[in-house]
Novice: 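The structure that follows is given in the form of structure tokens.
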Amino acid sequence: MAELMGRDGTWTFDDTAVRIVPGHERGVHKLRQDLGEFTVPLIAMAGIAYEPARKGGRLRLRLRDGADPLLQVTGGSLPDEANPYQVAVDAARTDVAEYFVDAVRRALLLEEVPDGPADRYLLPGPAVPLSAAGVDGLASFDGERVHLEWRWNTGETKRQWGPREFATADLEAVEWRAAAGLESGYLRFRLRGTTERVKPEHDPNAIELWGFKKESGTTALLAAAVAARLPHPSAGQDKALTALTALTAPAPALPAAAAAAPPASGADGAAGADDHDALLRRLRELGELRREGILTEDEFTATKTAVLRRFHTTG
């Protein structure tokens, strides 16, 4: 077992997982404290590194892409002081940090853990219930339903909608962006079938965020808790791949005898009409997949071209 204690908290590795306990001293970021103690299984790790500095250094745990809903929803934009997968190392504990790195790397090698993207969340996400405050609204999540309340300074457009509530089954995705410069951030809940993008200050399914330390840390945790209960992003990619394969697959060939036989009396052109009807149905399905967001615009265009090419060759 390897254990590293520092001002940011304590990391413990038992050959199967890293247990991270945040520190509670002044200066430890609120996001770390709100996230609390959690465990990272070995299967979720992609690597670990120790970065020495003049006075101590920093230990960084790298996770597989898509393994953690918090990293997934924040897009790697957490500042170092808020990132729970980094820990400051005092100068007196550099040897312990190096031993910790060797122990994790040896376990990853022995267990042959892949470092590629994960196809499902390997961490459960932050504990619920959770509440978070934004500039113009308050969000809460109990594990099943999201509730939004507006503040006194909310714009008229949002205020007209009144309080908002929706189940996770109604959500397609949750989006979180930190404020950047003069541009405010947002926490947005995207409902299924919604294609129109409205600015956060006018979107009744979003709250605005300014800065990071005041409110964005808790909103990031809430976003991660919701994301952990939605389908993994790779699930949509698998569905899109299946749809593309089905739409572009060639029609089954007719048996040799049927292909050679002349058309039945009164059935001239029926086979061609059936082929055209099938291709038209595929084009309609293709449009539906694009509207639902399963296919990107590029995928839609490429697949539509392939289907139309077959349409013309059957004429």
Side-chain angles (χ1 to χ4, degrees), residues 30-31 34-35 65-66 68-79 82 121 125-126 128-237 290-297:
K30 188 174 184 299
L31 183 148
D34 289 345
L35 181 58
D65 290 342
D68 177 31
L70 176 60
L71 296 183
Q72 181 73 29
V73 80
T74 57
S77 60
L78 292 176
Y121 290 126
V128 293
L130 272 171
S131 296
V135 176
D136 58 352
L138 307 172
S140 60
F141 179 55
D142 62 6
E144 296 182 356
R145 304 189 71 83
V146 174
H147 185 78
L148 299 181
E149 290 277 355
W150 306 120
R151 287 182 159 180
W152 64 270
N153 59 339
T154 304
E156 186 63 25
T157 303
K158 289 185 180 181
R159 191 179 298 277
Q160 289 178 351
W161 284 87
R164 304 284 286 155
E165 184 170 291
F166 24 78
T168 51
D170 300 327
L171 296 177
E172 184 175 280
V174 56
E175 301 172 355
W176 182 90
R177 297 291 183 275
L182 298 178
E183 185 177 354
S184 61
Y186 59 86
L187 169 62
R188 188 200 310 270
F189 302 95
R190 197 167 77 237
L191 299 177
R192 293 186 180 278
T194 302
T195 56
E196 184 180 4
R197 295 298 181 94
V198 184
K199 289 185 176 181
E201 60 264 33
H202 303 305
D203 189 345
N205 300 326
I207 59 176
E208 284 191 273
L209 309 175
W210 291 351
F212 186 86
K213 292 186 178 180
K214 289 184 178 180
E215 73 278 330
S216 295
T218 311
T219 58
L221 295 181
L222 192 148
V226 175
R229 290 159 175 82
L230 298 180
H232 192 276
S234 67
Q237 296 172 5
R290 180 182 62 170
R291 285 192 295 273
E292 293 174 3
I294 297 174
L295 296 181
T296 65
E297 192 65 33

Novice: Does any non-hydrogen side-chain atom of Lys30 lie less than 4.5 Å from one of Thr218?
Specialist: yes

Novice: Are the side chains of Phe166 and His147 in contact, using a 4.5 Å heavy-atom criterion?
Specialist: no

Novice: Please check this pair: side chain of Trp210 against backbone of Gly185, looking for a donor-acceptor N/O pair closer than 3.5 Å.
Specialist: no

Novice: Please determine if Arg192 and Glu172 form a salt bridge, counting it only when a charged side-chain N lies under 4.0 Å from a carboxylate O.
Specialist: no

Novice: Side chains of Leu138 and Arg151: does their closest heavy-atom pair fall under 4.5 Å?
Specialist: yes

Novice: For Thr154, does its backbone N or O pair with a side-chain atom of Arg159 as donor and acceptor, under 3.5 Å?
Specialist: yes

Novice: Considering non-hydrogen atoms only, spot the tightest contact between Trp176 and Ser77 and give its length.
Specialist: CZ3-OG, 3.4 Å

Novice: Hey, what do you get for CZ (Phe141) to CG (Leu222), rounding to the nearest 0.5 Å?
Specialist: 7.5 Å

Novice: So which of Asp34, Val73, Thr74, Val226 actually passes side chain to side chain contact (heavy atoms under 4.5 Å, CB included) with Leu221?
Specialist: Asp34

Novice: Before you tell me yes or no, could you show the steps for Phe189 and Leu148 under side-chain contact (heavy atoms from CB on, under 4.5 Å), namely the whole-Å CA-CA distance, both residues' side-chain angles and the distance that decides it to 0.1 Å?
Specialist: CA-CA 10 Å; Phe189 302 95; Leu148 299 181; 3.9 Å; yes

Novice: In the structure I gave you, are the side-chain heavy atoms of Val128 and Asp142 within less than 4.5 Å of one another anywhere?
Specialist: no

Novice: Between Ala173 and Leu230, which heavy-atom pair has the shortest distance, and what is it?
Specialist: CA-CD1, 3.8 Å

Novice: State whether the side chain of Arg229 and the backbone N or O of Ala225 hold a donor-acceptor pair below 3.5 Å, judged by distance alone.
Specialist: yes

Novice: Between Lys158 and Asp136, is any pair of side-chain heavy atoms under 4.5 Å apart?
Specialist: yes

Novice: What pair of heavy atoms forms the shortest contact from Glu208 to Ser184, and how long is it?
Specialist: OE2-OG, 2.9 Å

Novice: Any side-chain heavy atom of Val174 within less than 4.5 Å of one from Leu187?
Specialist: yes

Novice: Using every non-hydrogen atom in the two residues, find where Ile207 and Ala139 come nearest and quote the distance to one decimal.
Specialist: CD1-CB, 4.1 Å

Novice: Quick one: does Arg197's side chain get under 4.5 Å of Arg190's, heavy atoms only?
Specialist: yes

Novice: I'd like to know if the side chain of Asn205 pairs up with that of Arg164 as donor and acceptor (distance under 3.5 Å, no hydrogens or angles considered).
Specialist: yes

Novice: What are the two closest non-hydrogen atoms of Gly134 and Leu209, and how far apart are they?
Specialist: CA-CD2, 4.1 Å

Novice: So Thr168 and Arg145, do their side chains get closer than 4.5 Å, heavy atoms only?
Specialist: no

Novice: What pair of heavy atoms forms the shortest contact from Tyr121 to His232, and how long is it?
Specialist: N-CD2, 3.3 Å

